[in-house]
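Written below as C-alpha cells is the structure these notes are about.
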Amino acid sequence: MRRFQSVALEAVVVAVLGLLFALLGNAVSPRGLRLTRDYFPGQSRPAPIRPSNPGAQQSADQAQAVAASLQKLGLQAARSNEVAQLFSDPRYQQGLVIFIDARSDHAFQAGHIPGAWQLDHYHPEKFLPTVMPLCLTAEQIIVYCTGGDCEDSEFAAITLRDAGIPAQKLFVYTGGIKEWTNQMPFEVGERGSGTIHQAGK
Amino acid sequence: MNAPAASINRITAAEVISMLARWFIGAMFVYMGLNKAVHPVEFLKIVRQYGVLDHPMLLNLVASALPWFEVFCGVLLMLGIAVRGAAVMLIVMLVPFTIMVLGRGMAIHEARGGPFCAIKFDCGCGAGEVFICRKIAENILLTALAVCLAFWRKDRLCLRHGLFAEKTDAAAANTGHFEKAAEDCRTPKPSESRALE
C-alpha cells in the first residue's frame with residue numbers, strides 16, 4: 001500500500017513539474033500558442049468527416065452544406081468557375097480583386113494562385129499589417145486554403161471580417177488550391193517570384 | 001562475503017529489459033513531443049479534430065502543453081529520474097489517447113468505408129500520417145512497457161529511480177544480505193551456545 005502511495009505521489013510531482021516545464025516551453029518557444037486566443041473563430045466544433053471519393057450527389061450536398069455554413073457566418077462561397085473569372089478580370093490587375101492564401105509559409109511557397117497574398121490567420125500579427133490596406137481598397141476578396149476538409153480560409157475570412165473588412169466583400173473559395181492547381185497555373189516560391197507552373201504539374 | 005558484491009554487479013535480464021524499455025519509450029516521447037512542439041498550430045488543429053474539447057482555452061492549453069510534457073517525461077525516463085512516476089504519467093496519456101485514436105479511426109471508417117487497417121490519418125502523434133492498426137499496436141506496446149516500468153524497481157543506470165526513499169530490488173537484495181549477516185551475528189551458533197552453557 002505504501003509503495004502505491006509513493007508511486008502515486010511521485011506521479012503527481014512529475015505531473016506538476018511537467019506542466020510547469022510545458023508552460024515554460026510554450027512561453028519561450030517563438031512558435032508557442034497564445035492560451036487566451038480563439039484560433040477557430042465562429043466554429044467551436046470541427047467539420048464532419050467527408051467521404052474521400054464522394055459521388056456527384058454527395059459533392060453537391062457537401063457544397064450546399066458548406067455554402068450554408070458560410071452564410072451563417074455572413075460569408076459567401078465562391079465556386080471554381082467564378083474564381084477563374086475573377087482571376088482573368090481586369091480589376092485583378094488593378095488590385096480591386098485580390099486573392100488571399102490562408103495557409104502556412106511552407107504550403108504557400110509550394111504553390112499558390114499567382115499574385116495571391118498570404119494571411120496565415122494563426123499568426124495575424126505577421127500578415128495583417130500588409131494585407132489590411134489591400135483589403136480595404138479591394139472590391140472583392142477571395143480567400144482560399146487547401147480545399148477539402150481545410151477550414152483555414154473560413155477562419156482567415158472571419159479574421160478579416162472582425163478586423164473591419166465588410167463581409168459582403170469576402171468570398172471563400174471552397175475548392176481551394178487543390179482544385180485550382182488541377183485547372184489553372186500556379187506560382188511557386190515567394191509572391192511575384194515569376195515561377196509559374198502549369199495546371200496539373 | 002563475495003555473494004552481495006556479485007549480486008550487485010550481475011545484470012539480470014529484467015534489468016536489461018527495463019533499461020532498454022526506458023530508453024526506447026523515453027526516446028520515442030522526446031522525438032514525438034519535439035515534433036509536435038515545433039509545429040504547435042498543426043497539433044492544435046488535430047486536437048480540435050477529435051472533437052473532445054470545445055473551449056478555445058482548453059484546446060490551446062492541451063495543444064501547447066502536451067508536447068512539452070511528453071518531452072519532459074521522455075527525458076526523465078532516459079535519465080532514470082522518477083521512473084515510476086513518469087511511467088504512470090505516460091500510461092495516463094497513452095490510454096485515453098489510444099481510445100481517441102481508435103474512435104477517430106472508426107468515424108473515418110464509417111464515413112469513407114474500405115478496410116479498417118487501410119485507414120491512414122494524422123493522429124497527432126508527431127509522426128505524420130499513420131495507418132490506424134499500426135498506431136494502435138504501437139500504443140499498446142508502449143503502454144505495456146510503461147506498465148512494466150511502473151511496476152518494476154530496476155534502477156540500473158538510473159540517476160534517481162525514485163524521488164522518495166524506497167528500496168529498489170538491488171538495494172533490497174543488498175539489505176537482505178546485511179540483515180542476514182546481522183542476524184547471524186545476533187544468533188549464537190549451536191557450538192557457541194553449548195560452550196556458553
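The figures that follow rest on heavy atoms only: side chains count, while hydrogens, waters and symmetry mates do not. Per chain, numbering begins at 1; letters A, B, ... match sequence-line order. Nothing here was measured: the structure is a model prediction, and the numbers come from that model.
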State, without any angle test, whether Gln109(A) and Glu190(A) hold a side-chain donor-acceptor pair at a distance under 3.5 Å. yes
Are Phe40(A) and Phe155(A) an aromatic pair by the rule of ring centers under 6.0 Å? yes
Less than 4.5 Å to any heavy atom of chain A: does that hold for the side chain of Val38(B), its backbone, both, or neither? both
Non-hydrogen atoms of chain A under 4.5 Å away: do they reach the side chain of Ala63(B), the backbone, both or neither? both
May I ask you to test the Arg79(A)-Thr174(A) pair for a side-chain heavy-atom distance under 4.5 Å? no
Between Pro56(B), Ala87(B), Pro67(B), Ala150(B), who has the most heavy-atom pairs with chain A when the cutoff is under 4.5 Å? Pro56(B)
May I have the step-by-step check of side chain to side chain donor-acceptor pair (under 3.5 Å) for Arg104(B) and Gln49(B), ending in yes or no? CA-CA 9 Å; Arg104(B) 176 104 183 126; Gln49(B) 288 297 325; 3.3 Å; yes
Pick from Asp152(A), Val14(A), Leu20(A) with the largest number of heavy-atom pairs that fall under 4.5 Å of chain B: Val14(A)
Report which part of Val62(B) has an atom under 4.5 Å of a heavy atom belonging to chain A: side chain, backbone, both, or neither. neither
Shortest non-hydrogen contact from Phe99(A) to Val83(A)? CE2-CG1, 3.4 Å
Heavy-atom side-chain contact between Phe29(B) and Met78(B) under 4.5 Å: no
Leu9(A) portion near chain B, given a 4.5 angstrom heavy-atom threshold: both
Shortest non-hydrogen pair, Cys145(A) vs Glu151(A), comes out as SG-N, 4.2 Å
Residue part contacting chain A, namely of Leu66(B), when any heavy atom lies under 4.5 Å: neither
Got more than 12 heavy atoms from elsewhere within 6.0 Å of CZ, Phe116(B)? yes
Greatest number of heavy atom pairs closer than 4.5 Å to chain A - which of Ser64(B), Ala86(B), Ala65(B), Gly113(B): Ser64(B)
Engaged part of Val13(A) at the chain B interface, taking heavy atoms whose separation is under 4.5 Å: side chain
Segment of Asp120(A) engaging chain B (4.5 angstrom heavy-atom cut-off): neither
For a 4.5 angstrom cut-off between non-hydrogen side-chain atoms, does Val83(B) reach Leu77(B)? yes
For chain A, which of Lys45(B), His55(B), Met57(B), Met89(B) has the most heavy-atom pairs under 4.5 Å? Lys45(B)
Let me know if Leu76(B) has heavy atoms under 4.5 Å from chain A in its side chain, its backbone, both or neither. side chain
Under 4.5 Å from any heavy atom of chain B - which part of Leu23(A): side chain
